[in-house]
Amino acid sequence: MDILKERIISDGVAVGTEILKVDSFLNHQIDVKLFEQIGDEFRRRFSDIERSVDKILTVEASGIAVAAFTSRYFGYPPVVFAKKESVNTMDEDYYFSEVMSFTRRKLSSVRIAKKYLRAGERVLIIDDFLAHGQAALGLVNLVAQAEAEILGVGIVIEKEFQGGSRKLRKKGFRVESLAIVERIEDEQIVFKKDSEVGDIGNYSREGE
Ligand code: 5GP
């Protein structure tokens, strides 16, 4: 998605070789127009399942707005967001899954009330970032506990070099990432080449 990649290049800040900060449009301040375009792009990528999505599932906090905008383009299915817990509380009304947070470097758990995810429901998972895949795999685990079905995983920014999408695809899930970062090097954000993903873009700060 060119417009997203261009925005990452113009506003994104590389922190070392692992972290990308995009607070100005995604994680602290929201560019509403861009979020509409992101929602529409997810609809285009998942057009074959557009009418089949019963629920959109994400995790708090940054995934919520992306998921809500995406819902608009899928006929307004409800958005359910997993809540983060610092400890694994036992409560029979919830599904729990442990997640190792890469950015916060701590183990936490995510939970969803059982009443918001039912057996047989068809779920599209949406999140802002895919890095090592822990958050997404936590959501996958919650869906499995509910005996619901995952139709796909939609990601705004994937950092391919951290291996999350590989893990998800290995488990048989379809992953659609709107911008795929191949590596971060000398403060430059290098996107995966179009020839490899069928999409345009291999920008760097100096490049285009
Ligand atoms: P994962 O569980 O795939 O390792 O990491 C995904 C989660 O960590 C995302 O939901 C996102 O909140 C956060 N995250 C991982 N890498 C980055 C990054 O480079 N920048 C930002 N802003 N968040 C990240």
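Just follow the structure's listing: the first ligand is 1, and inside any ligand the first atom is 1. Scope of the values below: all heavy atoms of this structure, side chains included, with no hydrogens, waters or symmetry mates.
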Only one of I64, I155, I157, V66 passes side chain to side chain contact (heavy atoms under 4.5 Å, CB included) with D127; say which it is.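 Output: one option passes, namely I155.
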Of all the non-hydrogen atoms in the protein, which one sits nearest to [atom], and at what distance?
{"atom": "atom 20 (N) of ligand 1", "answer": "L20 O, 2.7 Å"}
{"atom": "atom 21 (C) of ligand 1", "answer": "F129 CE1, 3.4 Å"}
{"atom": "atom 14 (N) of ligand 1", "answer": "T103 CG2, 3.6 Å"}
{"atom": "atom 4 (O) of ligand 1", "answer": "H132 N, 2.8 Å"}
{"atom": "atom 10 (O) of ligand 1", "answer": "D127 OD2, 3.0 Å"}
{"atom": "atom 22 (N) of ligand 1", "answer": "N27 OD1, 3.0 Å"}
{"atom": "atom 5 (O) of ligand 1", "answer": "A131 CB, 3.6 Å"}

Do [X] and [Y] come close enough that some side-chain heavy atom pair is under 4.5 Å?
{"X": "E41", "Y": "Y73", "result": "no"}
{"X": "L20", "Y": "V15", "result": "no"}
{"X": "I112", "Y": "L57", "result": "yes"}
{"X": "L168", "Y": "L130", "result": "yes"}

Verdict with reasoning, Y94 to R111, per side chain to side chain donor-acceptor pair (under 3.5 Å): CA-CA 6 Å; Y94 289 86; R111 68 181 161 101; 3.2 Å; yes
Counting heavy atoms not belonging to I19, are there more than 12 under 6.0 Å from its CD1?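 Check passes, neighbour count above 12.
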Just by modelled atom types, is the V110 backbone N or O under 3.5 Å from a matching donor or acceptor in the S97 side chain?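 Absent.
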Heavy atom of A136 under 4.0 Å from ligand 1?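 No.
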Proximal candidate to atom 9 (C) of ligand 1 [heavy atom criterion; set L139, I155, D128]: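 Ranked by closest heavy atom to atom 9 (C) of ligand 1, first place is D128.
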Examine G133 against ligand 1 and note whether any of their N/O atoms are separated by less than 3.5 Å.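 Yes; at least one N/O pair falls below 3.5 Å.
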Out of the candidates K114, K115, K55, only one should pair with E121 under the salt bridge (Lys or Arg N to Asp or Glu O under 4.0 Å) rule; please name it.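 Testing each of K114, K115, K55 against E121, the sole residue satisfying salt bridge (Lys or Arg N to Asp or Glu O under 4.0 Å) is K55.
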Subset of ligand 1 atoms that lie under 4.0 Å from at least one heavy atom of A135: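 That gives atoms 2 (O) of ligand 1.
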Atoms of ligand 1 less than 4.0 Å from I19 heavy atoms?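 Those of ligand 1 that fall under 4.0 Å from I19 are 19 (O).
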If we set the cut-off at 4.0 Å for heavy atoms, which region of K159 has an atom near ligand 1: side chain, backbone, both, or neither?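 The side chain, only.
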